[in-house]
2 protein chains.
Amino acid sequence: MTESIHVSNRAAKSRAETPAPRSRKRAGNGASRPDAGDLDIGLDALAGHAGYAVRRFQIWIFQDFIRTLAAVDIRPTQYSVMTVIGANPGLSQMAVAKRLGIERARLVHLLDSLEHRDLVSRVRSATDRRSHALHLTARGRTALAQFRRLAAEHERHVAEKIGKENREKLLQILSAFT
Amino acid sequence: MTESIHVSNRAAKSRAETPAPRSRKRAGNGASRPDAGDLDIGLDALAGHAGYAVRRFQIWIFQDFIRTLAAVDIRPTQYSVMTVIGANPGLSQMAVAKRLGIERARLVHLLDSLEHRDLVSRVRSATDRRSHALHLTARGRTALAQFRRLAAEHERHVAEKIGKENREKLLQILSAFT
DNA sequence: GAAGATTGTTGTTGACGACAACAATTGTTG
DNA sequence: CAACAATTGTTGTCGTCAACAACAATCTTC
């Protein structure tokens with residue numbers, strides 16, 4: 001079962017959205033973020049909680065990533081897996097899972113999907129016959145190059161959303177988690 | 001959508017073929033974050049992508065929140081729901097859902113749970129008999145006070161983790177999403 | 001008053017994290 | 001070397017969460 005993508009993207013707001021979208025009619029943009037129509041509700045109730053802000057931001061960022069890479073049908077996790085394999089060919093599934101903080105059980109399905117699309121290949125390791133050496137296929141390598149360009153575009157959306165300097169500051173603050 | 005992100009960039013770095021099984025033995029704590037034993041794998045492969053860092057940070061922050069409030073069995077979403085209701089008694093489910101970016105279908109279960117624990121009460125609105133006016137019970141109000149103290153403790157953990165100034169900077173950067 | 005929208009509800013699907021169990025294959029140790 | 005322990009990939013289950021669809025009850029509007 002390929003993990004299909006599902007990005008409800010209704011609302012299609014332009015991402016160059018101005019920081020102050022004041023007069024909107026609350027067209028319910030789903031779970032993205034509260035809009036002006038709701039901001040008067042418990043405005044300060046959740047302020048000062050890092051977790052809440054981070055969660056909302058994370059949802060926004062993922063939605064934009066998925067939307068930006070919708071044409072190639074690649075989701076964030078798939079992209080991360082291909083990136084790690086591309087940078088470190090021959091890694092075992094265990095190593096990839098550990099590096100990305102994914103359960104190895106989960107990675108099995110991810111790789112099934114990617115292998116099915118001929119982007120990644122599992123090769124039985126000769127030195128340790130329990131494990132699989134992971135590689136990008138030729139198709140996977142050229143595809144990844146395109147994914148990277150789209151991911152860079154997504155990253156620009158982030159910069160437009162929170163500001164270029166803020167994005168860099170954020171990356172710096174959270175570098176310990178990368 | 002919520003997914004994991006992981007993005008990578010900055011390719012470069014070539015690696016040898018075989019993974020050369022290292023000596024990692026720490027049976028790790030699971031999916032928290034890469035530890036030193038794995039940092040040599042594609043170190044720079046995932047740098048420069050906000051989504052990946054934010055995702056990992058969000059996981060960490062939620063785990064700490066859940067752990068810190070484990071004694072009272074309150075999860076982040078439940079806390080946010082009670083906080084909003086506490087600050088704005090009488091809100092409808094629709095209003096709460098919209099404010100928090102939760103689907104109203106999902107909020108039904110959350111409120112079922114909270115109402116079952118006698119923390120929140122649904123009162124049929126007299127003006128609009130379709131909707132429920134949400135209130136904290138007396139028990140809910142005193143409980144929320146305790147939750148807030150524990151949440152403040154959690155917030156201190158965040159400050160210890162990334163630094164007090166960094167936490168404030170982060171809250172400022174992400175204030176648009178709150 | 002009829003058509004259409006909104007609110008709460010139930011149910012389904014899919015992505016995801018945490019676990020448990022298992023076969024195949026090491027490694028470790030007596 | 002043989003028994004035992006650990007690791008790797010795999011399958012499966014359970015619970016959480018977001019996105020949808022459908023529905024009854026209830027406004028709203030024309």
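Scope of the values below: all heavy atoms of this structure, side chains included, with no hydrogens, waters or symmetry mates. Given the structure is predicted, the values throughout are model-derived calculations rather than measurements. Lettering follows sequence order; numbering is per chain, from 1.
- The residue B:Thr127 sits close only to the backbone: its heavy atoms come under 4.0 Å of sugar-phosphate atoms, none of a base.
- Remark: B:Arg55 is in phosphate contact with C:dG17, judged by side-chain N or O atoms under 4.0 Å from OP1 or OP2.
- Distances from the side chain of B:Val108 to the nucleotides C:dT26, C:dT9, C:dT7 place C:dT9 closest.
- Contact check, A:Gln63 against D:dA19: a side-chain N or O comes under 4.0 Å of OP1 or OP2.
- Judged by distance alone with a 3.5 Å cut-off, no donor-acceptor contact links the side chain of A:Arg130 to the base of D:dG9.
- For A:Tyr79 and A:Phe65, the ring centers sit closer than 6.0 Å to each other.
- Residue A:Gln93 places at least one side-chain N or O closer than 4.0 Å to OP1 or OP2 of D:dT10.
- Every pair passing salt bridge (Lys or Arg N to Asp or Glu O under 4.0 Å) that includes a residue from residues 118-130 of chain B is listed here, sequence neighbours excluded: B:Asp112-B:Arg122, B:Glu115-B:Arg122, B:Asp128-B:Arg130.
- The side chain of B:Arg75 approaches D:dT16 more closely than any other nucleotide in the set C:dT10, D:dG9, D:dT16.
- At the heavy-atom level, A:Arg124 lies nowhere under 4.0 Å from the strands shown.
- C:dG30 is paired with D:dC1 under the criterion used here, namely a Watson-Crick or G-U wobble arrangement in which both key atom distances are under 3.5 Å.
- B:Arg129 comes within 4.0 angstrom of the backbone, heavy atoms only, and of no base.
- Phosphate proximity of D:dC20 to B:Arg104: absent, as no side-chain N or O sits under 4.0 Å from OP1 or OP2.
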